[in-house]
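Numbered from 1 within each chain, the chains take letters A, B, ... in sequence-line order.
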Amino acid sequence: MNSAPEVLEIVRSNIVTVVPEIDPAEVRREVSMADLGCNSIDRAEVVALTLEQLGVAVPVAEFQGIPDIGSLVDLLRKHL
Amino acid sequence: MTPVPGTAVVITGTGVRTSVAEDTESFRTALREGRCGTARCSRTGPGEPAAGAELAAFDLAAALERRSGLSSGLRHSALRAARRAPLGIQVAVVTALEAWESAGLGRDGPPADRIGLVVAGSNLTGSYTESLYPKLRAGRSYVPGRAALHLLDTDHVGVLSQVLDITGEGCTVGGASASGNVGIITGSRLLALRAVDVCLVVGALSELSTLERQALFNLGVIAGGGDGDNPPVCAPFDEDGGGTVPGQGCGALVLETRESARRRQVPVLAEIAGYGLALDGNALADPDENGEFRVMSAALRMAGLSPEDVDYVNAHGTGTVLGDRTEAAALRRLFGARPDGPWINATKALTGHCLHAAGVVEAVATVVQMTGGFVHANVHLRRPVDAALRFAGRRAEPAHLAHALSNSFGFGGVGTSVLLSARSG
């Protein structure tokens with residue numbers, strides 16, 4: 001089972017894949033993807049890529065309205 | 001349709017990318033040299049299409065980097081908008097930027113809401129759709145939400161308008177293999193109506209899915225066979241033509257009212273002096289000599305020219321036996337059997353059939369030959385279907401081309417011909 005830091009690392013890598021202008025060091029639990037400069041389409045793709053890599057099949061709708069990256073990581077871990 | 005005085009439509013910028021060239025200048029060289037982009041498809045068996053004229057490996061960031069002169073703002077905006085987009089969108093962005101810069105629109109242009117955008121082509125996402133099915137099967141959540149945008153043909157319109165800040169009229173138009181010319185005609189009409197002062201017309205790349213390619217092959221349109229490592233070729237107007245070769249390509253034209261070009265003091269490459277667009281009243285893939293004759297005649301009439309004035313025809317010429325014979329018959333009827341008749345060649349012999357983009361790619365080929373003073377070779381032509389027509393030979397020839405027709409005919413009886421003139425003033 002992936003630990004929280006491992007899931008954060010996967011999210012970070014996907015954020016940088018989708019928007020390479022983002023500095024990986026800026027991807028921290030307390031910031032939101034929107035703050036980093038991801039638009040709604042980018043955010044949806046980061047979630048889809050991460051679900052695919054974790055092998056988690058959860059409806060994407062569950063990931064809407066998440067305030068920050070830490071909450072995203074915690075929600076993803078619940079489904080592992 | 002008689003042109004309204006003062007609303008003559010001219011071409012002030014070109015962009016192109018095909019299997020044989022990455023921009024207009026390399027396209028000119030490729031045409032002069034008669035370079036052919038056809039290659040054998042890997043891993044194909046009997047009953048499958050054997051050849052294609054595909055783009056060399058394409059990398060958006062590298063392609064933008066090679067466009068020197070591009071402002072860092074435009075480069076960044078292009079990357080941000082298209083980095084995760086399908087190949088067709090990425091190629092459209094780079095090709096449109098070439099046309100945009102060559103027309104001097106990177107430096108100055110009319111207000112954003114006086115610039116229009118017409119993207120030619122329909123059903124552009126077959127290959128992208130195919131690539132997403134494995135994700136759908138593996139897990140519904142794995143389908144990226146952005147696909148909802150990229151699965152639309154109009155994503156081209158959205159992305160290009162964002163990158164270039166175009167806020168005038170915009171749409172996609174379709175006409176099967178005649179789409180490119182339908183786009184040029186639509187753009188010309190927006191300008192003639194004064195809906196906009198500048199109109200970017202982009203012929204979109206067709207990245208065929210396995211399914212679409214196979215259906216075209218089973219219909220007998222795509223050439224099969226070939227010999228050992230030698231792929232089958234697209235040999236327009238040859239008695240032995242065995243079918244077409246699908247090509248990947250994208251073309252872009254900046255169309256503009258002559259008034260706007262004069263105001264901006266940019267050079268005019270050619271004028272869109274006339275065009276014809278007509279249906280055959282036929283849903284099939286059958287070419288129609290009457291329809292082809294009618295659209296070429298209409299283009300001449302609109303330009304106020306007679307057949308004797310035409311120096312060159314960039315034929316539809318796909319390499320399919322029936323299509324080429326029909327077009328040859330229509331050309332013979334219009335121009336007669338004259339030794340000094342117009343030069344005729346078909347760019348598809350080199351680029352393959354660029355499908356939706358073909359009309360725009362071939363308009364660029366026509367402009368390049370008019371401004372370069374030559375006609376490119378019919379590289380695979382050995383036994384012409386009609387000895388009385390003046391087909392270009394196996395080598396490029398110097399030629400003064402003042403007036404040229406560029407033909408495109410699509411499935412479902414969509415006939416088009418565009419008349420380009422070098423006349424200035």
Side-chain angles (χ1 to χ4, degrees), chain A residues 1-2 6-24 26-27 32-67 69 71-80, chain B residues 58-65 70-90 92-94 125 128-163 165:
Chain A
M1 183 164 160
N2 301 68
E6 283 165 354
V7 174
L8 176 62
E9 201 41 58
I10 293 171
V11 169
R12 176 179 286 133
S13 137
N14 287 331
I15 287 175
V16 174
T17 296
V18 174
V19 188
E21 290 84 357
I22 294 174
D23 177 359
E26 298 289 314
V27 181
S32 73
M33 285 199 270
D35 292 340
L36 292 171
C38 294
N39 61 33
S40 60
I41 300 298
D42 299 329
R43 300 199 291 274
E45 189 177 18
V46 168
V47 170
L49 285 170
T50 308
L51 289 171
E52 187 174 8
Q53 282 158 27
L54 291 171
V56 171
V58 182
V60 170
E62 287 198 24
F63 294 88
Q64 278 166 9
I66 289 179
I69 288 168
S71 309
L72 171 63
V73 168
D74 294 342
L75 184 56
L76 284 165
R77 287 201 69 234
K78 268 193 208 159
H79 291 289
L80 291 174
Chain B
F58 179 82
D59 179 83
L60 177 63
L64 289 167
E65 204 59 48
L70 205 58
S71 74
S72 64
L74 261 182
R75 184 176 292 133
H76 178 262
S77 153
L79 262 180
R80 186 70 179 90
R83 179 188 282 123
R84 305 289 291 169
L87 175 70
I89 302 268
Q90 297 192 345
V93 165
V94 175
T125 63
Y128 177 70
T129 305
E130 198 167 62
S131 75
L132 289 175
Y133 269 102
K135 279 187 191 284
L136 180 72
R137 288 193 202 100
R140 301 244 165 177
S141 310
Y142 306 159
V143 173
R146 76 165 64 244
L149 295 174
H150 295 325
L151 287 168
L152 303 172
D153 290 335
T154 48
D155 195 35
H156 279 79
V157 176
V159 170
L160 289 168
S161 67
Q162 179 178 314
V163 172
D165 187 28

task = Name the region of A/Thr17, side chain, backbone, both or neither, that has any atom closer than 4.5 Å to a heavy atom of chain B.
result = both
inquiry  = Please evaluate residues B/Arg140 and A/Val60 with respect to the criterion side-chain contact (heavy atoms from CB on, under 4.5 Å), reporting the C-alpha separation (whole Å), side-chain torsions for both, the decisive distance (0.1 Å), and the verdict.
reply    = CA-CA 9 Å; B/Arg140 301 244 165 177; A/Val60 170; over 6 Å; no
query = Passes side-chain contact (heavy atoms from CB on, under 4.5 Å), A/Asp42 versus B/Arg80? Steps please.
reply = CA-CA 11 Å; A/Asp42 299 329; B/Arg80 186 70 179 90; 2.7 Å; yes
query = With a 4.5 angstrom heavy-atom cut-off, which part of B/Arg83 approaches chain A: side chain, backbone, both or neither?
reply = side chain
request  = List the steps and the verdict of side-chain contact (heavy atoms from CB on, under 4.5 Å) for B/Arg146 and A/Val18.
outcome  = CA-CA 11 Å; B/Arg146 76 165 64 244; A/Val18 174; 3.7 Å; yes
inquiry  = Need one label for A/Val58: side chain, backbone, both or neither, based on atoms under 4.5 Å from any heavy atom in chain B.
reply    = backbone
query = For A/Ala48 and B/Ser141, which heavy atoms make the closest approach, and how far apart are they?
reply = CB-O, 3.5 Å
